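Structure record follows, encoded as structure tokens.
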Amino acid sequence: MPITPANGLSADTAAVPAPEDSAEPIMLELVDGDGRTIGTAEKLAAHIAPGKLHRAFSVFLFDDAGRLLLQRRALEKYHSPGVWSNTCCGHPYPGEPPFVAAARRTGEELGLAPALMREAGTVRYNHPDPDSGLVEQEYNHLFVGIVRAEPRPAPEEIAETAFVTPAELEELRERYPFSAWFMTVLDAARPVVREVTGDAAGW
């Protein structure tokens with residue numbers, strides 16, 4: 001289970017600034033309990049307790065051996081810094097299709113494009129973060145896929161990456177903190193994870 005520290009983007013991707021670097025406020029899409037858009041809110045305001053239900057996405061990418069690509073969130077992030085989590089997660093811009101947002105952020109954070117990515121349903125949850133006091137109240141669109149390129153993580157987003165088997169994931173979870181939402185989204189995505197990785201991978 002090699003863990004790879006982030007060492008910056010390659011020259012061809014470093015020139016593309018991440019939207020989070022912009023001075024403009026980042027707006028999220030607010031939704032009702034059925035996932036219908038009902039408005040927008042600024043990103044931080046949407047996460048202040050008790051939180052506002054908003055659209056999000058979570059990506060799970062696996063290599064050809066069926067190992068899950070994890071990331072450890074950068075220590076500089078205002079929400080859940082330094083914890084391990086799934087391959088990529090985030091929020092679509094208002095009006096942006098979740099699939100497009102998931103592919104966009106995978107490129108921005110990890111410097112790669114999935115070889116395959118498919119929808120894996122949705123899950124709604126409300127997870128307070130005990131350290132920051134912020135709340136993840138999300139209507140989350142799930143995506144599962146295959147990756148065949150080496151990650152080139154953006155260090156302002158990701159501290160480390162690791163490809164793990166199910167057994168190695170359990171070892172990591174015993175030793176290190178994970179994001180509050182991680183098991184919720186992984187469990188919800190498992191049926192499609194098993195379809196994509198096959199029985200032998202053990203997910």
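Quick caveat, the model's predicted, so the values are computed rather than measured. If you read the sequence from its start, that first residue is 1, and numbering goes on from there.
Looking at Asp34, its side chain never comes within 3.5 Å of a backbone N or O of Arg36 through a donor-acceptor pair. No side-chain donor-acceptor contact under 3.5 Å links Glu42 to the backbone of Met27. Within the 3.5 Å criterion, the main-chain N or O of Gly121 finds no donor-acceptor partner in the side chain of Glu119.
A salt bridge is defined here as a Lys NZ or Arg NE, NH1 or NH2 lying under 4.0 Å from an Asp or Glu carboxylate O, and Arg104 with Glu108 meets this definition. Salt bridge absent: Arg67 and Glu168 never bring a charged side-chain N and a carboxylate O closer than 4.0 Å. In this structure, Asp64 pairs ionically with Arg148, as a charged nitrogen and a carboxylate oxygen lie closer than 4.0 Å.
With no hydrogens or angles considered, a side-chain donor-acceptor pair links Glu109 and Gln71 at under 3.5 Å.
Residues Glu138 and His127 fail the side-chain proximity criterion, which asks for heavy atoms closer than 4.5 Å. You'll find the side chain of Val123 reaches within 4.5 Å of the side chain of Val185, heavy atoms only. A heavy-atom distance below 4.5 Å is found between the side chains of Leu68 and Thr87. Residues Asn140 and Thr122 have side chains not in contact (no heavy-atom distance under 4.5 Å, counting atoms from C-beta outward). When side chains are defined from C-beta on, Leu44 does not count as touching Ile26, because their heavy atoms never get closer than 4.5 Å. With contacts defined as side-chain heavy-atom distances shorter than 4.5 Å, the pair Trp84/Arg73 does not qualify. Contact of the Val135 side chain with the Ile48 side chain is not registered, since no non-hydrogen atoms from C-beta on lie closer than 4.5 Å. Trp181 is listed as a side-chain neighbour of Ser80, based on a closest heavy-atom distance under 4.5 Å.
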- Under the side-chain contact (heavy atoms from CB on, under 4.5 Å) rule, what do Leu30 and Leu53 come out as? Steps first, then yes or no, please. CA-CA 6 Å; Leu30 301 181; Leu53 185 62; over 6 Å; no
- Kindly indicate, with the supporting measurements, whether the criterion side chain to side chain donor-acceptor pair (under 3.5 Å) is fulfilled by Glu136 and Tyr125. CA-CA 7 Å; Glu136 288 288 4; Tyr125 53 78; 5.3 Å; no
- I would like to know whether Glu157 and Lys77 meet salt bridge (Lys or Arg N to Asp or Glu O under 4.0 Å); could you show each step before the answer? CA-CA 7 Å; Glu157 297 287 346; Lys77 294 182 78 70; 2.6 Å; yes
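Closest approach of Arg152 and Gly111 over heavy atoms only: NH2-O, 2.6 Å. Nearest heavy atom pair, residue Val144 against residue Ala189, reads CG2-CB, 4.2 Å. Leu172 and Val164 make their closest contact through CD1-CG1, 4.0 Å (heavy atoms, listed as atom of the first residue, atom of the second, distance). The two residues Gln137 and Gly51 make their nearest non-hydrogen contact at NE2-O, 3.2 Å. Looking at every heavy atom in both residues, Pro92 comes nearest to Ala56 through CD-CA, 3.9 Å. Of all heavy-atom pairs spanning Ala188 and Pro191, the tightest one is O-CD, 3.6 Å.
Note that the OG1 atom of Thr106 and the CG atom of Leu69 stand 9.0 Å from one another [nearest 0.5 Å]. Atom-to-atom distance recorded for Thr197:OG1 and Arg190:CZ is 10.0 Å, nearest 0.5 angstrom. Note: Leu186 CG to Asn86 CG = 8.0 Å, rounded to the nearest 0.5 Å. Rounding to the nearest 0.5 angstrom, the gap separating the CZ atom in Phe143 from the CE atom in Met117 is 6.0 Å. Remark: Leu70 CG to Cys88 SG distance equals 12.5 Å, nearest 0.5 Å. Note that the CD atom of Glu156 and the CG atom of Leu75 stand 13.0 Å from one another [nearest 0.5 Å].
Note on residues 43-63: pairs passing ring pair (Phe, Tyr, Trp, His ring centres under 6.0 Å), not counting sequence neighbours, are His47-His54, His47-His79, His47-His91, His54-His91, Phe62-Trp203.
Connection of Leu116 to Val192 is established within a shared hydrophobic cluster, with ILVMFWY side chains joined at heavy-atom distances below 4.5 Å, either directly or through further cluster members. By the criterion of side-chain heavy atoms lying less than 4.5 angstrom apart, applied directly or through intervening Ile, Leu, Val, Met, Phe, Trp or Tyr residues, Val100 is not grouped with Val59; the two fall into different hydrophobic clusters. One hydrophobic cluster holds both Leu169 and Tyr176 under the rule that ILVMFWY side chains link at heavy-atom gaps under 4.5 Å.
Note on ring orientation: taking the six-membered ring where Trp is involved, the planes of Phe182 and Phe178 are tilted (angle from 30° to 60°).
With sequence neighbours excluded, the residues that form a side-chain hydrogen bond (donor to acceptor under 3.5 Å, both in side chains) with Thr37 are Glu29, Arg55.
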